[in-house]
Amino acid sequence: MLKGHQTWVFPNKPTILSTGTVVGPFEGKGPLAEDYDLIHGDLWLGQDSYEKAEKKMMEEAFEIAIRKAGLQKQDIQFFLGGDLLNQIISSSFAARTLAVPYLGLFGACSTSMQSLALGALLVDSKSANYVLCGTASHNTAVEKQFRYPTEYGAQKPPTAQWTATAAGVALLGPEGDGPKVTSATIGRIVDMGISDPFNMGSAMAPAAVDTLTAHFRDLGISPQEYDLIATGDLARVGHQIARDLLIKHDLEIPEEIFTDCGILIYGEDQPVMAGGSGCGCSAAVAYGHILNRMKKGELKKVLIAATGALLSPLSYQQKESIPCIAYAVAIEA
C-alpha cells in the first residue's frame, strides 16, 4: 500500500458514495452556486452565534450525505472531521450530534483531504465500512479568531483571502457507483519563515509544491495523468507562486488542468482580495463542483491537494512563523 516515501495506494479503491455541501449567502452568489446542496440566506443560520452556525453547517452537510447514500446515522462507523476554531469545537460538537465514533483532526484548510485520505485508509484496510469525512469554516467566526472582528472594519492587503462560509462532507464506502479514491500523498511540514497572516497563499504554496512533487515522484507519473489538478486555497497569489516553484522543480503543470479552489469558489466581481480560503473552501469546491463535473463525464481523474497553514492566535502572538502542509488525494471516475 505504501508507494515510495509518503504515498498510499488503495488497491480496493474506496468509493465516494455521496457528498453534502452547505454554503453561506455570499458563496451562493458565486459561480458554483448550482453545485451546492444547500445555500443559506444569512450568516446566522438561525443560531445565536457564528460558531454555532458553523457547527450547524457541518451537521447539515453530513445529514445530506447520509440521506443521499440511503443510509442511517447508525450505519456510520467513523466520523473524521476538523475545523479552524479553537480545539476544533465545530467538529466535536457536530460529532456529539452524530453520535458515532469520532476522530478529530486539525490540518487547518487542508483538513478536507486529510480526512478523506485517512477515511480511505480505514475503508481500504477493511477497518470500517462507512466513514464520513468532512470539515467546515465560517467567515466571521474565523475572522474574529485569527484576525479582527468584522465590526472593526480593518483594511486588508491584496494578498489577503476571504474565509469561505461553507461545509463539505464525503461519505466513503467499500464499493458503489461513485468516484473512487485511488491514492493519497501525506504532506510534510514546510515553513519558509513567513509570518504574515494576511499572506497565507505565499506561506502555503511551497507546501503544496512539496506534496505534489512527492506524489508524482512516488507514483512515477506525470501531471498529464490527471484531467484536473486543484490546490486547496492558495488563491491567486499563492497559485502563481506554486506555478513558478513547480517550474523550478522541472515539473510544469499545463495551465488548462491546474487550478485552485480559492480561485474557483468566487466570481470575478466578488470583493475577496486574492481569493477564497478556509476549511470549507476546498471541501465545498471538491465535493460539489469538481465531483459534479466527474459525474457529468467531464473529468475522469483528478488530484486535489488541499493546503493548510498551521498557525494559531497564540503562535502569532509569540511571533512564530507559519508552518504549512498539504495533502493530495487522487480520485477517479
Side-chain angles (χ1 to χ4, degrees), residues 1 3-4 7-21 31-32 34-37 65 68-69 110 112-117 119-121 123-124 131 133 168-186 208-209 211-234 239 242-243 246 251-265 281-307 326-333:
M1 182 177 288
K3 184 79 171 179
T7 299
W8 295 329
V9 175
F10 305 118
N12 296 316
K13 298 182 179 180
T15 301
I16 299 177
L17 299 174
S18 64
T19 58
T21 52
L32 309 183
E34 294 183 357
D35 291 310
Y36 306 128
D37 293 304
K68 285 163 67 175
S110 69
S112 62
M113 293 302 110
Q114 180 191 35
S115 60
L116 188 63
L121 182 66
V123 174
D124 190 77
V131 177
C133 314
V169 167
L171 177 54
L172 289 170
E175 56 187 11
D177 297 328
K180 313 292 183 182
V181 180
T182 55
S183 66
T185 300
I186 308 303
V209 170
T211 298
L212 288 172
T213 53
H215 181 80
F216 298 124
R217 181 187 65 243
D218 287 351
L219 297 181
I221 60 176
S222 70
Q224 285 76 7
E225 183 84 9
Y226 296 99
D227 301 316
L228 183 76
I229 298 172
T231 47
D233 52 356
L234 300 181
H239 185 63
R243 290 185 61 84
L246 285 165
L251 193 66
E252 186 170 3
I253 301 176
E255 187 174 352
E256 61 270 18
I257 68 169
F258 192 36
T259 188
D260 181 80
C261 297
I263 296 173
L264 294 174
I265 192 169
C281 178
S282 59
V285 173
Y287 297 148
H289 175 66
I290 293 176
L291 288 193
N292 281 348
R293 290 190 64 191
M294 297 187 80
K295 292 173 185 176
K296 294 175 184 176
E298 297 174 7
L299 302 169
K300 298 294 184 183
K301 190 174 182 180
V302 303
L303 181 67
I304 303 171
T307 51
Y327 299 90
V329 178
I331 304 171
E332 295 184 26

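Just so it is clear, the structure is predicted and the values come from calculations on it, not from any experiment.
Residues D233 and S282 have side chains that never bring a donor and an acceptor to within less than 3.5 angstrom of each other.
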Worked verdict on Y226 versus I221 for side chain to side chain contact (heavy atoms under 4.5 Å, CB included): CA-CA 10 Å; Y226 296 99; I221 60 176; 3.8 Å; yes

For this session: Give the intermediate values and the outcome of side chain to side chain contact (heavy atoms under 4.5 Å, CB included) for residues L246 and F258.
Result: CA-CA 11 Å; L246 285 165; F258 192 36; 3.9 Å; yes

Discussion item. Let's go through T185 and Y327 carefully: what are the C-alpha distance in whole Å and the side-chain angles of both, what is the deciding distance for side chain to side chain contact (heavy atoms under 4.5 Å, CB included) to 0.1 Å, and is it a yes or a no?
Written reply: CA-CA 6 Å; T185 300; Y327 299 90; over 6 Å; no

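Under the 3.5 Å distance criterion, the side-chain polar atoms of D124 are matched with a main-chain donor or acceptor of N12. A donor-acceptor pair is defined here as one N or O able to donate and one able to accept, closer than 3.5 Å; no such pair exists between the side chain of K301 and the backbone of A330. The backbone N or O of A208 sits nowhere less than 3.5 Å from a side-chain atom of T211 that would complete a donor-acceptor pair.
Considering every non-hydrogen atom in both A170 and I16, the closest pair reads CB-CG2, 4.2 Å. When all heavy atoms are compared, the tightest approach of V181 to A120 is CG1-CB, 3.7 Å. In plain terms, the two heavy atoms of D37 and K68 that are nearest each other are OD1-NZ, 3.2 Å. When all heavy atoms are compared, the tightest approach of Y287 to C133 is CE1-O, 4.2 Å. Of all heavy-atom pairs spanning A333 and M294, the tightest one is N-CE, 3.4 Å. Pairing each heavy atom of A65 with each of V169, the nearest pair is CB-CG1, 4.2 Å.
Between atom CG of residue D260 and atom OG1 of residue T231 there is a gap of 3.5 Å, rounded to the nearest 0.5 Å. Note that CG of L228 is 14.5 Å distant from NZ of K300, once rounded to the nearest 0.5 Å. Here M1 contributes atom CE and S183 contributes atom OG; the two are 11.5 Å apart, rounded to the nearest 0.5 Å. We find the SG-CD1 distance between C261 and I304 to be 6.5 Å, quoted to the nearest 0.5 Å. Between atom OG1 of residue T213 and atom NE2 of residue H215 there is a gap of 11.0 Å, rounded to the nearest 0.5 Å. One finds the CD1 atom of I263 at 5.0 Å from the NE2 atom of H239 (value rounded to the nearest 0.5 Å).
At a threshold of 4.0 Å, the pair D227-R293 does not count as salt-bridged, since none of the basic side-chain nitrogens sits closer than that to a carboxylate oxygen.
In this structure the side chain of P31 never reaches within 4.5 angstrom of the side chain of L264, judged on heavy atoms. By the 4.5 Å heavy-atom criterion applied to side chains, I265 and H289 are not counted as neighbours. Residues L234 and T307 meet the side-chain proximity criterion, which asks for heavy atoms closer than 4.5 Å. Taking 4.5 Å as the limit, some side-chain heavy atom of W8 sits within range of a side-chain heavy atom of I186.
Heavy atoms of other residues, nucleotides or ligands lying less than 6.0 angstrom from CD of E298 number more than 12. Applying the 6.0 Å contact sphere to CD of E34 captures no more than 12 heavy atoms from other residues, nucleotides or ligands. Counting non-hydrogen atoms of neighbouring residues, nucleotides and ligands closer than 6.0 angstrom, the CD atom of E255 reaches no more than 12 such neighbours. Within a 6.0 Å radius of NZ in K3, other residues, nucleotides and ligands contribute 12 heavy atoms or fewer.
Each of L303, T182, L116 was evaluated against I331; a single residue qualifies, L116, per the side-chain contact (heavy atoms from CB on, under 4.5 Å) test.
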